Enquirer: 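Quick one: this structure, given as structure tokens, is what I'll be asking you about.
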Amino acid sequence: MSTFPEIDLNNVPKHIAIIMDGNGRWAKKQGKVRLYGHSIGVESVRGTLKAAQKMGVKYLTLYAFSTENWNRPKEEVDGLMNLLAQTIVNEVDELDESGVRIMCVGNNSELPEYCQNELAAAMERTKGNDNIHLVLALNYSARWELKNAMKLFAQEYEEGRCQLEDLDDEKVHSYLATKGIPDPELLIRTSGEYRISNFLLWQIAYTEFHFTDVLWPEFRDTDLYKAVLDYQSRERRFGLVSEQLK
Ligand code: FPP
């Protein structure tokens with residue numbers, strides 16, 4: 001933290017979500033295949049998680065694989081699934097020791113079985129940890145999540161277990177993949193793209209955005225600190241006027 005002593009540790013986002021983008025472009029610049037970019041991207045995940053832990057962030061959500069990513073070349077999809085499972089296997093001891101709880105949001109049942117098994121084992125093993133929650137968005141898209149939420153509500157309604165009037169913000173939240181996880185205060189997207197790409201659409205209603213040109217494999221702890229400083233420079237009004245916040 002000595003690099004950024006100006007960070008106010010009493011005003012660190014409880015939940016940071018990241019769209020890790022630019023692995024492919026970074027690999028191309030190195031004259032390497034896309035998968036190489038993803039594998040170096042894992043190093044950035046490691047550093048970012050440590051930096052987030054150091055600041056006292058409680059939830060770090062990473063967009064690791066979207067429902068649209070299945071349409072990439074088979075070799076890349078297979079490679080990404082292997083990388084995910086292998087990373088979990090390699091890292092789970094250290095993650096567990098440092099109090100990380102691994103969680104997943106997304107339609108897990110469509111992931112390859114070996115991935116599902118490694119994820120389930122890691123989630124079970126780390127379920128008692130609460131230093132930080134590492135939330136992996138895997139086979140996730142916000143539209144999938146919202147459609148799923150609507151189906152769950154319709155089912156409860158049809159069975160007479162709830163009324164239309166029951167549908168408030170809290171009730172909607174209870175149908176989401178992120179049930180029990182607070183909304184992110186800060187969303188970061190790397191690689192100079194200014195899009196949300198079907199990520200956490202319900203949850204980002206009042207989230208602050210930080211966009212950086214840095215490609216994900218080059219994202220370092222200092223980039224995370226910069227994003228948090230940027231967040232701390234904002235006035236979050238939640239629809240009110242400045243004077244009401246004083
Ligand atoms: C986007 O870059 C990145 C992804 C779709 C995959 C991200 C996955 C990792 C970094 C591995 C994560 C591992 C763990 C354990 C969380 P892109 O391929 O779209 O880059 P481009 O826009 O430059 O082509």
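Every number for a ligand or one of its atoms is a count from 1 in the order of the listing. Fair warning: this is a prediction, and the values are worked out from it, not measured in the lab. Any value given below was found using the heavy atoms of this structure, including those in side chains, with hydrogens, waters and symmetry copies removed.
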Enquirer: So is Arg72 polar-close to ligand 1, meaning N/O to N/O under 3.5 Å?
Expert: yes
Enquirer: Does Glu94 CD have over 12 foreign heavy atoms under 6.0 Å away?
Expert: no
Enquirer: Please test Arg101 against Asp130 for salt bridge (Lys or Arg N to Asp or Glu O under 4.0 Å), starting from the C-alpha separation and ending with a verdict.
Expert: CA-CA 6 Å; Arg101 177 170 181 183; Asp130 69 352; over 6 Å; no
Enquirer: Within less than 4.0 angstrom of ligand 1, does Ala64 place any heavy atom?
Expert: yes
Enquirer: Taking CD in Gln30 as the centre, count heavy atoms belonging to other residues, nucleotides or ligands within less than 6.0 Å. Is the count above 12?
Expert: yes
Enquirer: Heavy-atom pairs closer than 4.0 Å: do any link ligand 1 to the side chain of Arg34, the backbone, both, or neither?
Expert: side chain
Enquirer: Between Leu215 and ligand 1, which part of the residue brings a heavy atom under 4.0 Å of the ligand: side chain, backbone, both or neither?
Expert: neither
Enquirer: Could you name the option among Asn23, Ile19, Asn90, Leu35 that has the heavy atom nearest to atom 10 (C) of ligand 1?
Expert: Asn23
Enquirer: Indicate yes or no: does an N/O atom of Arg25 lie under 3.5 Å from an N/O atom of ligand 1?
Expert: yes
Enquirer: Provide, to 0.1 Å, the distance between atom 14 (C) of ligand 1 and the closest protein heavy atom, together with that atom's residue and name.
Expert: Leu84 CD2, 3.7 Å
Enquirer: Check for me whether Glu91 has a heavy atom closer than 4.0 Å to any atom of ligand 1.
Expert: no
Enquirer: Under 4.0 Å, heavy-atom basis, I'd like to know which part of Lys29 is in contact with ligand 1: side chain, backbone, both or neither.
Expert: neither
Enquirer: Show your reasoning for whether salt bridge (Lys or Arg N to Asp or Glu O under 4.0 Å) applies to Glu165 and Lys171.
Expert: CA-CA 10 Å; Glu165 302 74 54; Lys171 188 82 177 145; over 6 Å; no
Enquirer: With respect to Asp21, determine whether any N or O atom, backbone or side chain, lies less than 3.5 Å from an N or O atom of ligand 1.
Expert: yes
Enquirer: Tell me, please, which residues at least two apart from Asn117 pass side chain to side chain donor-acceptor pair (under 3.5 Å).
Expert: none
Enquirer: Can you confirm, on distance only, whether ligand 1 has an N/O atom lying under 3.5 Å from any N/O atom belonging to Thr87?
Expert: no
Enquirer: Could you tell me whether the side chain of Tyr59 and the main chain of Asp183 form a donor-acceptor pair under 3.5 Å?
Expert: no
